[in-house]
A.B. asks: 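A single structure is presented below for examination.
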Amino acid sequence: MADYPAQLLEYLDRITGKVRGMTVDRMTTTVNRSAAGLVAFTLGIAALCLLLFAIYGALAIWLRPPGAFAVLGLLCLGGGMILWTRRNKRIK
């Protein structure tokens, strides 16, 4: 009976470790992944904007700005058409 307090302490320590592993550790992983995803999304959008500005600037050198807008619009329209044809079709 003298070892009962030590056994109880070890048991409670195991239980709290399991509970922490099921709650806090999973939530920490989820929050870290969400933050990394948000940063990656923001950097991706910024890179896409800079790429569009660079394409417009390069086209504006050879063409005048209205022609550059037209070519850039056609590129975006073509990309949208490709993505539209590859979309998942739902069965009704």
Side-chain angles (χ1 to χ4, degrees):
M1 203 60 156
D3 201 26
Y4 179 70
Q7 290 176 353
L8 180 63
L9 182 63
E10 289 177 16
Y11 175 73
L12 291 175
D13 190 38
R14 268 187 303 168
I15 295 297
T16 56
K18 286 181 183 180
V19 169
R20 182 180 298 123
M22 287 189 277
T23 57
V24 176
D25 293 341
R26 288 182 184 176
M27 188 56 75
T28 303
T29 303
T30 303
V31 169
N32 286 339
R33 288 182 181 171
S34 298
L38 185 62
V39 169
F41 177 75
T42 304
L43 290 176
I45 294 296
L48 181 66
C49 290
L50 290 175
L51 179 67
L52 287 174
F53 289 148
I55 290 172
Y56 171 76
L59 289 173
I61 292 172
W62 293 297
L63 306 170
R64 300 204 183 270
F69 276 124
V71 171
L72 192 59
L74 286 174
L75 287 174
C76 290
L77 183 66
M81 286 172 52
I82 290 171
L83 290 175
W84 184 264
T85 59
R86 293 185 179 185
R87 74 185 189 284
N88 291 334
K89 296 182 180 179
R90 295 183 183 183
I91 300 172
K92 292 184 179 181

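From a predicted model like this one, the values you see are computed outputs, not experimental measurements.
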A.B. asks: Please give me the minimum heavy-atom distance between A60 and A68, naming the atom from each residue.
C.D. replies: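 Looks like N-CB, 3.7 Å.
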A.B. asks: What distance separates L8 CG from E10 CD, expressed to the nearest 0.5 Å?
C.D. replies: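 Spacing of CG (L8) from CD (E10) equals 10.0 Å.
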A.B. asks: May I ask you to decide if W84's main-chain N or O and R87's side chain share a donor-acceptor pair within less than 3.5 Å?
C.D. replies: yes
A.B. asks: Quick one: pull up CG in L50 and CD1 in I55 and give me the separation to the nearest 0.5 Å.
C.D. replies: 11.5 Å
A.B. asks: Any chain of hydrophobic side-chain contacts (each under 4.5 Å) joining L72 to L51?
C.D. replies: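 Yes, one cluster joins them.
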A.B. asks: To the nearest 0.5 Å, what is the distance between CG (L74) and CZ (F69)?
C.D. replies: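 With rounding to 0.5 Å, CG (L74) is 13.5 Å from CZ (F69).
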A.B. asks: Using only atom types and a distance under 3.5 Å, with no angle test, would you say the side chain of D13 pairs donor to acceptor with the backbone of L9?
C.D. replies: no
A.B. asks: Heavy atoms, side chains only, cut-off 4.5 Å: are M81 and L77 in contact?
C.D. replies: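 Answer yes - side chains close enough.
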